[in-house]
There are 2 protein chains.
Amino acid sequence: MNTHDVSAERSSVKLDDVDRALLDLLRVNARMPISELARAVNLSSAPVSRRIDRLERSGVIRGYVAVIDERAAGELHAFTEIRLNGDVETGELEGVLREMDEVQSIFTIAGDPDVLVRWRVSDVDHLQRVVNGIRRTGKTSGTKTLIVMYDWTRGEQLALPTHVD
Amino acid sequence: MNTHDVSAERSSVKLDDVDRALLDLLRVNARMPISELARAVNLSSAPVSRRIDRLERSGVIRGYVAVIDERAAGELHAFTEIRLNGDVETGELEGVLREMDEVQSIFTIAGDPDVLVRWRVSDVDHLQRVVNGIRRTGKTSGTKTLIVMYDWTRGEQLALPTHVD
DNA sequence: TCTGAAAGGATTTCACT
DNA sequence: AGTGAAATCCTTTCAGA
């Protein structure tokens, strides 16, 4: 099916249906062997290898990450919504946030709030410290923090090699 | 279908320093070869292979996902905060959400809101349709949607294999 | 639980279509 | 832009410590 290339504004990348199929497969299992991807799109390994290389170099594939059970790893996850002071640009806070090890993701939002941050901390005390750290920059006019109790992401439960004998 | 089927043996998992080092490496590059991981932790490949297998089976590693540039792929990402009606349990809505292809992640929150959903849609019309779909379930008392303009996640920019020319 | 070696796969390159 | 074969490299299993 032909879902269309809407982007075009900044990226000169053209994706065909095979590229999109590969992306959908890798989204669900980033460790899927090239040989298996090739079988899924009815090609041999060589062109699939080259296509993935092209997708990586062009920035369409930004990376491959393992998803870890945060509680098994003894961690706490949370989000903080941040509203910025009127004279502060999002880029200013982003620079601060990227330097903090506890920051896992930063989302710039169209509307209110201005920024959404995902934290990876050891406990609530740690969370309080990092959120206070953001407040103390003087760049924010308000924060609201959401503690994650449970989370689910598409693909994560199917991603492991299930050996069907 | 049951909602909580994964990693029941969470409490019986013990991680040593080598395990934690492997997790940190895989978080940043899920496609890193076992041989390279082995070098990084000063072991041979065999035990690293077995350790990762154990981490996968015990549910500590939940999966491996490729991170795609949504704009290059012609997509729009957004979050919706959901407040549930007083008589609705989070599990009820979760069941509905998991069936929707547009739902990428579901976070159950301690406090207000009750649930945070991450969407992957083709455009704002599509977003409006899926959010209205949630409203029409009658399970929610309020929603607030945040459209992502830009996002950054730790590790994603270093995750690609650095090749020597 | 590790090492080292060997077997079996996977990936990439290359000549050709 | 894809195929098939060959070379290289990776992963897993197994014997031994």
Side-chain angles (χ1 to χ4, degrees), chain A residues 1-5 11-68 72 158-165, chain B residues 9 12-68 72-73 158-165:
Chain A
M1 278 314 194
N2 199 357
T3 27
H4 230 77
D5 181 356
S11 63
S12 57
V13 188
K14 292 186 196 88
L15 305 181
D16 65 12
D17 290 341
V18 174
D19 290 325
R20 275 186 286 269
L22 292 173
L23 292 177
D24 282 343
L25 289 162
L26 286 170
R27 256 205 256 254
V28 172
N29 181 7
R31 278 185 92 87
M32 187 179 283
I34 305 263
S35 56
E36 201 176 331
L37 294 167
R39 227 174 297 129
V41 299
N42 290 311
L43 286 177
S44 61
S45 290
V48 172
S49 180
R50 269 183 293 125
R51 276 169 183 269
I52 288 173
D53 194 60
R54 208 164 38 87
L55 291 167
E56 290 174 350
R57 285 178 203 288
S58 65
V60 176
I61 294 176
R62 301 207 302 202
Y64 304 98
V65 303
V67 186
I68 309 301
L158 301 172
L160 297 179
T162 51
H163 38 89
V164 186
D165 301 89
Chain B
E9 56 268 279
S12 66
V13 184
K14 291 185 198 85
L15 304 181
D16 65 12
D17 289 342
V18 174
D19 290 325
R20 273 185 287 270
L22 292 173
L23 293 178
D24 281 344
L25 289 161
L26 286 169
R27 255 204 256 256
V28 172
N29 182 4
R31 278 186 90 88
M32 188 179 283
I34 305 264
S35 56
E36 201 175 331
L37 294 167
R39 226 174 296 126
V41 299
N42 290 311
L43 284 177
S44 61
S45 291
V48 172
S49 179
R50 270 183 295 123
R51 277 168 183 270
I52 288 172
D53 193 60
R54 209 164 38 86
L55 291 167
E56 290 175 349
R57 286 178 201 287
S58 65
V60 176
I61 294 175
R62 302 207 302 203
Y64 305 98
V65 303
V67 186
I68 309 301
L158 301 172
L160 296 179
T162 52
H163 48 92
V164 194
D165 298 272

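Keep in mind that this is a model prediction, so the values were computed, not measured. Note on naming: letters A, B, ... go to the chains in the order of the sequence lines (proteins, then strands), and numbering restarts at 1 for each one.
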Sub-4.0 Å heavy-atom contacts from residues 35-45 of chain A onto DNA chain D, ordered by number: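 Listed by number, they are A:L43, A:S44.
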Rounded off to whole Å, could you give me the [atom1]-to-[atom2] distance for the [X] and [N] pair?
X: B:I34; N: D:dC10; atom1: CD1; atom2: P; value: 11 Å
X: A:R31; N: D:dT12; atom1: CZ; atom2: C1'; value: 13 Å
X: A:M32; N: C:dT11; atom1: CE; atom2: C1'; value: 16 Å
X: A:D53; N: C:dT12; atom1: CG; atom2: C1'; value: 10 Å
X: A:R54; N: C:dT12; atom1: CZ; atom2: P; value: 15 Å
X: B:I52; N: C:dC2; atom1: CD1; atom2: P; value: 12 Å

Full working for side-chain contact (heavy atoms from CB on, under 4.5 Å) between B:L43 and B:R51: CA-CA 11 Å; B:L43 284 177; B:R51 277 168 183 270; 4.2 Å; yes
Sugar-phosphate, base or nothing in reach of B:P33, heavy atoms under 4.0 Å: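 Sugar-phosphate, no base atom in range.
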Presence of A:R51 side-chain N/O under 4.0 Å of D:dG2 phosphate oxygens OP1/OP2: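 So the side chain of A:R51 is within the cut-off, an N or O lying under 4.0 Å from OP1 or OP2 of D:dG2.
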Options D:dT3, D:dT11, C:dC2, nucleotide nearest the side-chain atoms of B:R50: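 Selected nucleotide: C:dC2.
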Criterion side-chain contact (heavy atoms from CB on, under 4.5 Å) on B:L37 and B:L26, from CA distance to verdict: CA-CA 9 Å; B:L37 294 167; B:L26 286 169; 4.0 Å; yes
Test item: A:S49 side-chain N/O and A:S45 main-chain N/O as donor-acceptor pair under 3.5 Å: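 No, the answer is negative, given that no donor and acceptor are paired below the 3.5 Å cut-off.
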Any donor-acceptor N/O pair, B:D19 side chain to B:D16 backbone, under 3.5 Å: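 At least one qualifying donor-acceptor pair exists.
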Gap between atom CG of A:L55 and atom CG of A:L22 - 0.5 Å precision: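 Interatomic distance, A:L22 CG to A:L55 CG, rounded to 0.5 Å: 7.0 Å.
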Ion pair check, B:D53 and B:R50, cut-off under 4.0 Å: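 B:R50 and B:D53: not salt-bridged.
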